[in-house]
Trainee: 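Here it is, the structure, as structure tokens.
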Amino acid sequence: MNEKFLKPYNPKETESRIYEMWEKSGFFNPDNLPAERFPLGAKPFCLIMPPTNANGSLHAGHGLVMTIEDIIVRYKRLRGYKTLWLPGLDHAGFETQVVYEKQLEKEGRSRFEMEPNKLYEEILDFTLNNSKNIKSQIRKMGASCDWSREKFTLDPEIIKTVYGTFEQLSKDGLLYRGNRIVSWCPRHQTSFSDLEIKDEERVEPYYFLKYGPFTISTSRPETKFGDKYVVMHPNDKRYANYKDGQKIDLEWINGPITATIVKDESVDMEFGTGVMTITPWHDAIDFGIAERHNLDKEQIIDDRGKLLPVAGEFAGMHITKARPLIIQKLEQKGLVEKIDQNYKHVVHTCYKCGTLIEPQIKEQWFIKMKPLAQKALEKIANGEIVYIPDHYKKITEHWLENIMDWNISRQIVWGIPIPAKICDQCGHGMVDLNDEVKKCQKCDGPVHKDKDTFDTWFSSGQWPFASLGYGYSDDFKTYYPTDVMETAGEIIFFWVSRMIMLGLYRTGKIPFKTVYLHGLVQDAKGRKMSKSKGNVINPLDLTEKYGTDAFRIGMVIGNTPGTSLALSEDKIRAYKNFANKIWNISRFVLTNTEAIAYDDKFEKFTENDLALIKERDDIIIDVTKDMDNFRFYIAAEKLYHYVWHTFADKILEESKNVISLGQSEEKLSRQQFLLGTLEKILICLHPFMPFVTEEIWQLLGKSQLLMIEKWPTDGNTQNE
RNA sequence: GCGCGGUUAGCUCAGUUGGUAGAGCGUCUCGUUGACGUCGAGAAGGUCAUAGGUUCGAACCCUAUACCGCGCACCA
């Protein structure tokens, strides 16, 4: 027996050595899997790693991703699939730019004072530097992904694919450049899609203002300078005397104005006085009304949140400062009827910085989503995509049924540039992949390059087919549609649903057959981890202390898909003990079988041992079912239980007597059983605890890596 | 307002098609010098949120209710 077994299992000494051995073997790359084990025609299995944000280091959520995906992938490899796990890194557009901006701030710099190209270069440097770090951390988690196929979202061939989709959307009439109201963050100076907005409930004063003969109400008096349309429901009897289009002179904030009556059915007669004035430039509903009635739209607030000249004496003032002053003035003029101090309402904020979103009218690129959503809905309803857990299917369907057009323009430098020209004269936008458009196709005016970049989700939404080399690589033919997409339930709309739509649109096929969604990783008390709370758990601290295997199985056991997971150090510590238990079990089996050689064809088992074999194989069959159905939490627990409380506590204890006192036949039967069972245990546990199992496997003197062994139910089992 | 979850042992959570409630951690008792103290044997601890219903039988299916969480939403 190897003298290593005389000491407790030492993950630190083992893990990097084992990982290196795997990597050198080349078996992470399915093309290199040995033909005798993975014969020609072996079924492919593919899982694309969600491209990791390259803007920081691995957090607990990544730890869970790498664990679950590696479990899936190792299991499939053991089952004889030609298994590809394709790793990738994400430039993560806005997310990364925000991280980098914080760094700039610390250095007393600002992105707004920098040359765009210079900023881009700096962020690229930053990202590439970080990505080295990230990749080594992914390796530490034991991820058996094919590094030779690694992709980055800014790789030229990825960008080419993304551009191709952009062009095709334009040709198919699904892309338009619209002067539309968008959600604008005054701090980050970019627009967003509807998903980057966070609703927040606030209690604020609510003002009732006299507007000529009417009373209107608002929580945002600072937007009201330009309000010259007063809107009411056509059926509202209270205002039957007022006709559509009628003009009324009245005294307003900065003096007399002429207002126009507009009748529109979108007004809720029950709400307030049933009368409202509109600010089409800064409010989505108002924008809609103005569009329907062809009304003037005037900008009141600039991109930074400051009032424009229309605000008269308040021009140049930031809206937050201006609001109380405006109210003061209105009160002096006797235009304030009353103020409700406890008005509870919902405001839109930037999901990243919490700044109040200021709707603005902007020229942006939009994708018409309804047709894309319709196709996705059909496939989902057919059951062609399986959701785990199931209820995400309903959530997705609900979202797809109510989908809005997608604004894919971002006013940030860190991203894929939008390949388009914009007319200086008429604002017309033209897709231009090869820099061929020199003048406006509408008015012959001069053109300039669109300065915006794509929403990062527009490119990552194409990841499954883009990363597999759609249009130019055999990988696409072999592995697409991919088998499983494993990611966070949080990004079901952002990413998963868009991948389905864009995948279907571009390739005609769904991008994956199964979506497995995990929940949030929280701290031991079930609170969200955040730097400000100081409760962030670094997965690498835990793997360092307890070993990666302990971390992995501890992350999985008791964690059902879709529900959040409370990560506690105690739990991980407990599974460190388990790793050591396996180690000691192996030592026991080896010391008690030194005189014999394992015979996988052995048949002369005692009746007692046959019963043990039945028990063991039943559990393995059970575990196999659980693995096939993505119930890793339960498979791991069953194995844990069998290994510790059946195999170790009962069988090994009993074997002490059998081996020291038993007849030679009885003894041999037991020894063969122990060796056979140890092997099967190691194989079954390997997806969960790859390092310790591989290390023991090697110490058993096996010629082949455990990583590419055969799963016990696929043959090669004792007494089959 | 609409939608989706959750409510099971002190804590964190399992419970696959309905068949006398489970795990880990924690607590308590006892044991153990050769596989392992990173141990073993055992114990305490739950009217499975509430109320109805279906059923021979419900933590599980149905209907309400309460509370908690999350998502979506253009009430000025």
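Here is the naming used below: chain letters follow the sequence lines, and residue numbers restart at 1 for every chain. All values below were derived from every heavy atom in this structure, side-chain atoms included, with hydrogens, water molecules and symmetry-related copies excluded.
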Trainee: Suppose you measure atom P in B:C68 against the same atom in B:G57; what distance do you get, rounded to whole Å?
Mentor: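 Per the computed distance, 35 Å lies between those P atoms.
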
Trainee: When the C1' atoms of B:A76 and B:U7 are compared, how many Å lie between them, rounded to an integer?
Mentor: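 Straight-line distance between the two C1' atoms is 38 Å.
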
Trainee: Are side-chain N/O atoms of A:Asp455 and A:Trp406 paired as donor and acceptor at under 3.5 Å?
Mentor: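 Checked: A:Asp455/A:Trp406 side chains pair up, N/O donor to acceptor below 3.5 Å.
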
Trainee: From the list B:C36, B:C75, B:C25, which nucleotide is the closest neighbour of the side chain of A:Ala574?
Mentor: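 For A:Ala574, the side-chain atoms sit closest to B:C25.
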
Trainee: Distance only, no hydrogens: is a donor on one side chain within 3.5 Å (strictly under) of an acceptor on the other, for A:Ser217 and A:Tyr206?
Mentor: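 There is such a pair (donor and acceptor under 3.5 Å, judged by atom type) between the side chains of A:Ser217 and A:Tyr206.
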
Trainee: Considering Watson-Crick and G-U wobble pairs with both distances under 3.5 Å, what does B:U16 pair with?
Mentor: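 Check on B:U16: unpaired, no WC or wobble geometry under 3.5 Å.
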
Trainee: If only side-chain N and O atoms count, and only distance matters, is there a donor-acceptor pair under 3.5 Å linking A:Asp628 with A:Tyr75?
Mentor: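 Per modelled atom types, A:Tyr75 and A:Asp628 side chains form a pair under 3.5 Å.
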
Trainee: How long is the line joining OH of A:Tyr546 and P of B:C25, in whole Å?
Mentor: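 Atom OH in A:Tyr546 sits about 14 Å away from atom P in B:C25.
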
Trainee: Please determine, for B:G24, whether a Watson-Crick or G-U wobble partner exists with both distances under 3.5 Å, and give it or none.
Mentor: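 Pair assignment: B:G24 / B:C11.
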
Trainee: Return whichever of A:Tyr206 or A:Ser564 has its heavy-atom-nearest nucleotide of RNA chain B closer to the 5' end.
Mentor: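 By nearest-heavy-atom nucleotide position, the 5'-most residue is A:Ser564.
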
Trainee: Whole angstroms only, please: what is the CG-P distance between A:Asp268 and B:C75?
Mentor: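 After rounding, the gap between these two atoms is 10 Å.
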
Trainee: Can you tell me which nucleotide in B:A14, B:G24, B:U38 comes closest to the side chain of A:Thr563?
Mentor: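 The closest nucleotide is B:A14.
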
Trainee: Within the pair A:Trp644 and B:G40, is there a side-chain N or O less than 4.0 Å away from OP1 or OP2?
Mentor: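 So the side-chain polar atoms of A:Trp644 do come within 4.0 Å of the phosphate oxygens OP1 or OP2 of B:G40, strictly under.
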
Trainee: Could you check whether A:Glu265 and A:His233, counting side-chain N and O atoms only, form a donor-acceptor pair closer than 3.5 Å?
Mentor: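 No, A:Glu265 and A:His233 have no side-chain donor paired with an acceptor closer than 3.5 Å.
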
Trainee: Do A:Thr273 side-chain atoms and A:Thr215 backbone N/O form a donor-acceptor pair below 3.5 Å?
Mentor: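 Here the side-chain-to-backbone pair exists.
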
Trainee: Cation-pi between A:Lys362 and A:Trp184: NZ/CZ under 6.0 Å from ring centre and within 45° of the ring axis?
Mentor: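 Yes, A:Lys362 sits over the ring of A:Trp184.
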
Trainee: Describe the nucleic acid contact of A:Tyr343 in one word from base, sugar-phosphate, nothing, applying a heavy-atom distance below 4.0 Å.
Mentor: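 Here A:Tyr343 touches the backbone only, sparing every base.
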
Trainee: Considering every strand shown, what is the Watson-Crick or G-U wobble mate of B:C61 when both distances are under 3.5 Å?
Mentor: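 B:G53 is the nucleotide pairing with B:C61.
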
Trainee: What contact category does A:Thr279 fall into here, base, sugar-phosphate, or nothing, at under 4.0 angstrom with non-hydrogen atoms?
Mentor: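 Result for A:Thr279 = nothing.
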
Trainee: Rounded to the nearest Å, what distance is computed from the CZ atom of residue A:Phe551 to the P atom of nucleotide B:U38?
Mentor: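 The distance from CZ of A:Phe551 to P of B:U38 comes to 23 Å, rounded to the nearest Å.
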
Trainee: Kindly give the atom pairs (protein nitrogen or oxygen, nucleotide nitrogen or oxygen) under 3.5 Å for nucleotides 71-74 of chain B.
Mentor:
unit_1, atom_1, unit_2, atom_2, d
B:A73, N7, A:Asp199, OD2, 3.3

Trainee: What is the pairing partner of B:G45, taking Watson-Crick or G-U wobble pairs with both distances under 3.5 Å in any strand?
Mentor: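 By the stated definition (distances under 3.5 Å), nothing pairs with B:G45.
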
Trainee: Distance alone, cut at 3.5 Å: any donor-acceptor contact between the side chains of A:His59 and A:Asn538?
Mentor: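 Looking only at side-chain atoms, A:Asn538 and A:His59 do not form any donor-acceptor pair under 3.5 Å.
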
Trainee: Find the partner of B:G69: check Watson-Crick (N1-N3 plus N6-O4 or O6-N4) and G-U wobble (N1-O2, O6-N3) distances, both under 3.5 Å, and reply none if neither fits.
Mentor: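 The base-pairing partner of B:G69, which may sit in any strand shown, is B:C4.
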
Trainee: Identify all pairs in which a protein N or O lies below 3.5 Å from an N or O of nucleotides 41-44 of chain B, and state each distance.
Mentor:
none

Trainee: Hey, is the side chain of A:Lys581 pairing donor to acceptor with the base of B:C36 inside 3.5 Å?
Mentor: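 Between B:C36 and A:Lys581, which were checked side chain against base, a qualifying N/O pair under 3.5 Å is present.
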
Trainee: Between the protein and nucleotides 15-19 of chain B, list every N/O to N/O distance that falls short of 3.5 Å.
Mentor:
unit_1, atom_1, unit_2, atom_2, d
B:G15, OP1, A:Tyr633, OH, 2.9
B:U16, O2, A:Arg631, NE, 3.3
B:U16, O2, A:Arg631, NH2, 2.9

Trainee: Between B:C60 and B:G53, how far apart are the P atoms? Round to whole Å, please.
Mentor: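 Result for the P pair: 14 Å, nearest Å.
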
Trainee: Does A:Lys702 count as lying over the ring of A:Trp697, i.e. NZ or CZ under 6.0 Å from the six-ring centre, within 45 degrees of the axis?
Mentor: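 So A:Lys702 does make the cation-pi contact.
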
Trainee: So which nucleotide does B:C39 pair with, by the Watson-Crick or G-U wobble rule with both distances under 3.5 Å?
Mentor: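 Its partner is B:G31 (Watson-Crick or G-U wobble, both distances under 3.5 Å).
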
Trainee: Heavy atoms only, 4.0 Å cut-off, all strands: where does A:Glu270 land among base, sugar-phosphate and nothing?
Mentor: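 Counting heavy atoms under 4.0 Å across all strands, no contact is made by A:Glu270.
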
Trainee: Report yes if a side-chain nitrogen or oxygen of A:Asn577 is closer than 4.0 Å to either non-bridging phosphate oxygen (OP1 or OP2) of B:C39; otherwise report no.
Mentor: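 Yes, within the criterion.
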
Trainee: Please give, in whole Å, the distance from B:U38 C1' to A:Tyr640 OH?
Mentor: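 Rounded to the whole Å, the gap is 11 Å.
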
Trainee: When you measure from the centre of the six-membered ring of A:Tyr642, is the NZ or CZ of A:Arg616 under 6.0 Å away and within 45° of the axis?
Mentor: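 Here A:Arg616 fails the 6.0 Å and 45° test against A:Tyr642.
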
Trainee: How far, in whole Å, is B:G40 from B:U33 if one measures between their P atoms?
Mentor: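 Nearest-Å result for B:U33 against B:G40 at atom P: 15 Å.
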
Trainee: Counting any heavy atom closer than 4.0 Å, what does A:Ile216 reach on the DNA or RNA strands: base, sugar-phosphate only, or nothing?
Mentor: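 Nothing, no nucleic acid heavy atom in range.
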
Trainee: Taking the six-membered ring of A:Phe208 (Phe, Tyr or Trp), confirm whether the NZ or CZ of A:Lys338 is under 6.0 Å from its centre and within 45° of its axis.
Mentor: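 Here A:Lys338 passes the 6.0 Å and 45° test against A:Phe208.
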
Trainee: With heavy atoms under 4.0 Å as the rule, sort A:Lys625 into base, sugar-phosphate or nothing.
Mentor: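 Counting heavy atoms under 4.0 Å across all strands, no contact is made by A:Lys625.
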
Trainee: Which part of the nucleic acid does A:Val267 contact within heavy-atom distance under 4.0 Å: base, sugar-phosphate only, or nothing?
Mentor: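 Base contact.
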
Trainee: Only pairs with both distances under 3.5 Å count, Watson-Crick or wobble alike; so what is the partner of B:C75 in this structure?
Mentor: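 With both distances under 3.5 Å required, B:C75 matches none.
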
Trainee: Check the angle between the aromatic planes of A:Tyr351 and A:Phe192 and answer parallel, tilted or perpendicular using the 30° and 60° thresholds.
Mentor: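 Ring orientation of A:Tyr351 relative to A:Phe192: perpendicular.
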
Trainee: At 4.0 Å (heavy atoms only), tell me whether A:Pro8 reaches a base, stays on the sugar-phosphate, or touches nothing.
Mentor: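 It contacts base atoms.
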
Trainee: Side chains of A:Thr624 and A:Trp711: any donor to acceptor distance under 3.5 Å?
Mentor: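 Present: a donor and an acceptor within the cut-off.
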
Trainee: When rounded to the nearest 0.5 angstrom, what distance separates CZ in A:Phe630 from CD in A:Glu486?
Mentor: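 Result: 10.0 Å between the selected atoms.
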
Trainee: Find the distance A:Ile553:CD1 to B:A14:C1' and express it as a whole number of Å.
Mentor: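 Distance, rounded to whole Å: 15 Å.
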
Trainee: Any donor-acceptor pair under 3.5 Å linking the side-chain atoms of A:Thr593 with those of A:Gln671?
Mentor: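 Note: A:Gln671 and A:Thr593 side chains miss the donor-acceptor criterion.
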
Trainee: In whole angstroms, how far is the P atom of B:G34 from the CG atom of A:Asn592?
Mentor: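 A:Asn592 atom CG is separated from B:G34 atom P by 14 Å.
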
Trainee: Figure out the CD1/P separation between A:Ile557 and B:C25, and round it to whole Å.
Mentor: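 Atom CD1 in A:Ile557 sits about 11 Å away from atom P in B:C25.
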
Trainee: Expressed as a whole number of Å, how far does the P atom of B:U47 sit from that of B:C56?
Mentor: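 28 Å, rounded to whole Å.
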
Trainee: Assess, by modelled atom type and distance only, whether the side chains of A:Tyr9 and A:Glu695 contain a donor and an acceptor separated by less than 3.5 Å.
Mentor: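 Judged by distance alone, the side chains do not pair up.
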
Trainee: Could you say whether A:Lys656 or A:His391 is positioned toward the 5' end of RNA chain B, judged by the nucleotide with the nearest heavy atom to each?
Mentor: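 Its nucleotide being nearer the 5' end, the pick is A:His391.
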
Trainee: Report which part of the nucleic acid A:Ala648 touches: base, sugar-phosphate, or nothing (heavy-atom distance under 4.0 Å, all strands).
Mentor: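 Base, at least one base heavy atom under 4.0 Å.
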
Trainee: To the nearest angstrom, how far is A:Leu675 atom CG from B:A35 atom C1'?
Mentor: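 Rounded to whole Å, this separation is 14 Å.
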
